[in-house]
Chemist: 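Structure provided below as structure tokens; questions to follow.
Only this structure's heavy atoms are used, side chains among them; waters, hydrogens and symmetry mates stay out.
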Amino acid sequence: MSDKADTSTSKALAIIESEEPAEQAAPTEPERKLLLTRETIGVIAVAAGVLAACLVATALVANGKPATSVSRTCLGPPMTVAVAPEAETVVGDILEDAGCGQIEVQATKADQVLQPMAVGGDLPDVWIPDSSLWLERIKPAVEPVTLRASMASSPVVLVSGDGLARTSYAEAFAEDDLLMGDPQRMLSALGTVVASQGKPERETKLEPYAARIASGEEGIAPTDTARLAELQTVMSGVTATSEQQWSTYAPMLKASAPKEGTVVLDYPVLITADSSRRNAIASTITAFARVLDSGAADTALTQAGFRTAGAGKPSPNVGAFTRVEPAVVDKAASDWSAKLLPTRTIAVVDVSGSMAWPAAPDSATTRLQVTQAAVSEALEVLPGGAALGLWAFSEKTEGELDGDHAVLVPTRQLVAKGQRTQLTEEISGLTGRTGGGTALHDSALAAYQAAVASYDPLASNSVLIFTDGTNDDPESLDLDELLRQLEAASDPRRPVRVLGVGITADADMGALQAIADATGGAAYVAERPEDVENVLREALGQR
């Protein structure tokens with residue numbers, strides 16, 4: 001067996017919890033061997049049958065032979081494993097060769113798992129991302145259990161297209177045609193960000209990349225394979241990618257481990273099923289862990305370009321490298337994420353009768369018109385990666401909450417087909433919706449609940465409320481009850497801020513400030529028409 005003892009099959013079994021009700025019939029003998037609880041961690045002897053199977057597997061692998069007789073007996077119910085796309089084929093082949101046909105392998109990008117993991121949505125049973133750093137980006141609704149700290153690894157390396165090796169990031173940054181992926185969604189691109197930390201000239205060079213990535217346009221930040229293909233085509237340029245991607249797709253190009261140190265992708269194996277589901281698929285998890293422990297798995301992974309503890313380096317490889325300290329990598333990832341963190345906002349616009357009043361004495365422009373102009377301006381300056389939705393509210397608005405609000409445009413990224421056009425049309429059409437009283441409280445609560453429910457862990461989530469008045473819906477929540485319900489709807493794992501914009505001094509700034517305070521937001525007043533645009537930019541962080 002390879003030297004992965006800290007995440008062996010026995011420890012995998014030890015985290016499987018039993019939640020069977022006490023009054024149920026006693027489990028059968030095979031079931032009893034699988035129903036291990038956290039208290040049995042390190043005390044595997046109580047599951048003698050399972051331990052015996054592990055010892056057989058260990059003996060076979062120690063003799064240099066894959067544990068065929070054990071892994072071929074791949075028992076258990078169906079299970080899904082989400083895998084970083086570059087590892088899907090090899091993991092699927094390993095399981096197929098081991099006779100684990102009931103385990104479905106799915107190529108899955110990290111953000112496809114992070115969002116449901118943050119909000120408690122549907123998850124695969126097991127997740128193998130390219131890096132454990134992903135878990136630093138969110139606060140999981142349920143913490144995953146580490147089945148294996150690292151299935152395999154791959155250092156980030158510098159690859160050049162002109163036949164000359166680049167042995168340092170200093171050389172890479174000197175290139176005019178430096179190619180870069182999106183460090184928000186490609187951990188292989190993070191090494192370039194790490195290398196720029198504290199070096200103003202390098203950070204300046206990355207600013208155009210940041211702007212393009214924030215645009216959200218497809219193809220702006222090409223994948224590792226696309227960048228390698230470009231290097232091969234033009235025979236110039238340099239990029240950072242994983243050794244595995246270079247070894248697999250462009251081994252004829254020159255590659256080097258940067259001498260300043262590098263980021264290493266570590267491919268952790270995480271059980272993302274909840275405790276009840278873990279217990280139901282315990283036998284499959286056991287078989288899966290046993291297969292990953294085998295020499296055959298190490299050999300297959302190495303042949304696919306990964307490094308493993310048991311089979312060593314792929315061929316070709318860049319040799320030895322220095323690993324950048326995890327704390328440095330964490331800080332770089334955090335700083336870059338803060339720089340590129342997109343906004344996800346629901347704009348909730350008051351269309352009560354008073355919004356048709358003049359924005360200022362003797363003004364021909366209405367309060368709603370200056371609000372429309374400000375929201376339209378925000379729509380123009382927000383990058384494509386930002387998500388924006390539009391609601392309207394008044395006591396007479398047709399909607400889903402006692403007629404108090406209407407969802408005019410669902411919240412989607414602005415780069416989505418038709419989103420900007422639809423928002424532009426609906427913003428323009430708000431003037432035809434004015435009338436009735438100000439249904440502020442119920443609408444604020446409904447928008448906040450919707451934002452929490454659709455929370456994006458890789459964005460700054462907010463609700464932006466424009467209003468010129470005081471809640472005057474006699475059937476709505478009073479302010480105290482609204483604040484209580486906002487507190488009940490809040491979730492520290494899914495922070496959503498309410499930003500209130502009072503249109504003219506007639507707005508109830510006391511209520512807006514209380515709502516903002518309850519959600520960690522802020523309240524602003526725009527007393528003059530020219531203030532609205534400035535206030536909106538400040539609220540959205542566009543200054």
Chemist: Do Val194 and Val263 have side chains that get closer than 4.5 Å, going by heavy atoms?
Modeler: yes

Chemist: What pair of heavy atoms forms the shortest contact from Ile285 to Arg278, and how long is it?
Modeler: CD1-O, 4.1 Å

Chemist: Please report the C-alpha distance between Lys109 and Asp111 in whole Å, then the side-chain angles of each, then the deciding distance to 0.1 Å, and finally whether the salt bridge (charged side-chain N to carboxylate O under 4.0 Å, His left out) criterion is met.
Modeler: CA-CA 6 Å; Lys109 295 180 180 179; Asp111 50 1; over 6 Å; no

Chemist: Assess, by modelled atom type and distance only, whether the side chains of Ser188 and Asp224 contain a donor and an acceptor separated by less than 3.5 Å.
Modeler: yes

Chemist: Side chain to side chain contact (heavy atoms under 4.5 Å, CB included) between Thr241 and Tyr249: does it pass, once the steps are laid out?
Modeler: CA-CA 11 Å; Thr241 185; Tyr249 295 104; over 6 Å; no

Chemist: Can a side-chain donor-acceptor contact be found between Thr225 and Thr223 if the only test is distance below 3.5 angstrom?
Modeler: yes

Chemist: With no hydrogens and no angle check, is any side-chain donor or acceptor of Asp274 less than 3.5 Å from a backbone partner on Thr272?
Modeler: no

Chemist: Pairing donors with acceptors under 3.5 angstrom, does anything connect the side chains of Ser443 and Asp404?
Modeler: no

Chemist: Just by distance, do the side chain of His441 and the backbone of Leu482 share a donor-acceptor pair under 3.5 Å?
Modeler: no

Chemist: Could you report the tightest heavy-atom contact between Gly305 and Thr248, atom names first, then the distance?
Modeler: CA-OG1, 4.4 Å

Chemist: For the residue pair Val463 and Val348, what are the closest heavy atoms and their distance?
Modeler: CG1-CG2, 3.8 Å

Chemist: Taking Gln115 for its side chain and Tyr455 for its backbone only, find out whether a donor-acceptor pair lies under 3.5 Å.
Modeler: yes

Chemist: Would you give the length of the straight line joining atom CD of Gln419 to atom CG of Leu388, rounded to the nearest 0.5 angstrom?
Modeler: 7.0 Å

Chemist: So, taking the atom named CG in Leu292 and the one named CG in Leu301, what distance separates them when rounded to the nearest 0.5 Å?
Modeler: 8.0 Å

Chemist: Under a 3.5 Å distance rule, please check whether Thr80 uses its side chain to pair with a backbone N or O of Asp125 as donor and acceptor.
Modeler: yes

Chemist: Between Thr146 (side chain only) and Ala149 (backbone N and O only), is there a donor and an acceptor less than 3.5 Å apart?
Modeler: no

Chemist: What are the two closest non-hydrogen atoms of Pro85 and Ala107, and how far apart are they?
Modeler: CA-CB, 4.0 Å

Chemist: Is the backbone N or O of Leu133 less than 3.5 Å from a side-chain atom of Ser131, with the two atoms forming a donor-acceptor pair by type?
Modeler: yes

Chemist: Which atoms form the tightest heavy-atom contact between Ala332 and Val193, and what is the distance?
Modeler: O-CG1, 3.9 Å

Chemist: Evaluate side chain to side chain contact (heavy atoms under 4.5 Å, CB included) for Thr308 paired with Lys313, printing each intermediate quantity in order.
Modeler: CA-CA 7 Å; Thr308 66; Lys313 306 180 187 69; over 6 Å; no

Chemist: For atom CD of Gln197, decide whether the heavy atoms of other residues, nucleotides or ligands shown that lie under 6.0 angstrom number more than 12.
Modeler: yes

Chemist: Do side-chain atoms of Ser247 reach the backbone of Glu243 as a donor and acceptor pair under 3.5 angstrom?
Modeler: no

Chemist: How long is the span from the CZ atom in Arg494 to the NZ atom in Lys139, to the nearest 0.5 Å?
Modeler: 13.0 Å

Chemist: Thr302 side chain to Asp298 main-chain N or O, any donor-acceptor pair under 3.5 Å?
Modeler: yes

Chemist: Regarding Glu487 and Gln485, do their side chains bring together a donor and an acceptor under 3.5 Å, going by distance alone?
Modeler: no

Chemist: In terms of relative ring orientation, are Trp391 and His405 parallel, tilted or perpendicular, with 30° and 60° separating the classes?
Modeler: parallel

Chemist: Taking only Lys NZ, Arg NE, NH1 and NH2, and the carboxylate oxygens of Asp or Glu, determine whether Arg227 and Glu230 approach each other closer than 4.0 Å.
Modeler: no

Chemist: What's the shortest heavy-atom distance between Gly92 and Val105, and which atoms?
Modeler: CA-CG2, 4.0 Å

Chemist: For Glu86 and Tyr267, which I'm curious about, is there any donor-acceptor pair between the side chains at under 3.5 Å?
Modeler: yes

Chemist: Within the side chain of Gln244, is there an N or O that forms a donor-acceptor pair under 3.5 Å with the backbone of Leu265?
Modeler: no

Chemist: Determine, step by step, whether Leu390 and Val349 satisfy the side chain to side chain contact (heavy atoms under 4.5 Å, CB included) criterion, reporting the C-alpha distance in whole Å, the side-chain angles of both residues, the deciding distance to 0.1 Å, and the verdict.
Modeler: CA-CA 8 Å; Leu390 180 67; Val349 180; 4.0 Å; yes

Chemist: Atom CZ of Arg277 and atom CD1 of Ile271: how far apart are they, to the nearest 0.5 Å?
Modeler: 12.0 Å

Chemist: Would you give the length of the straight line joining atom CD of Glu143 to atom CE of Met117, rounded to the nearest 0.5 angstrom?
Modeler: 8.5 Å

Chemist: Using only atom types and a distance under 3.5 Å, with no angle test, would you say the side chain of Gln303 pairs donor to acceptor with the backbone of Val90?
Modeler: no

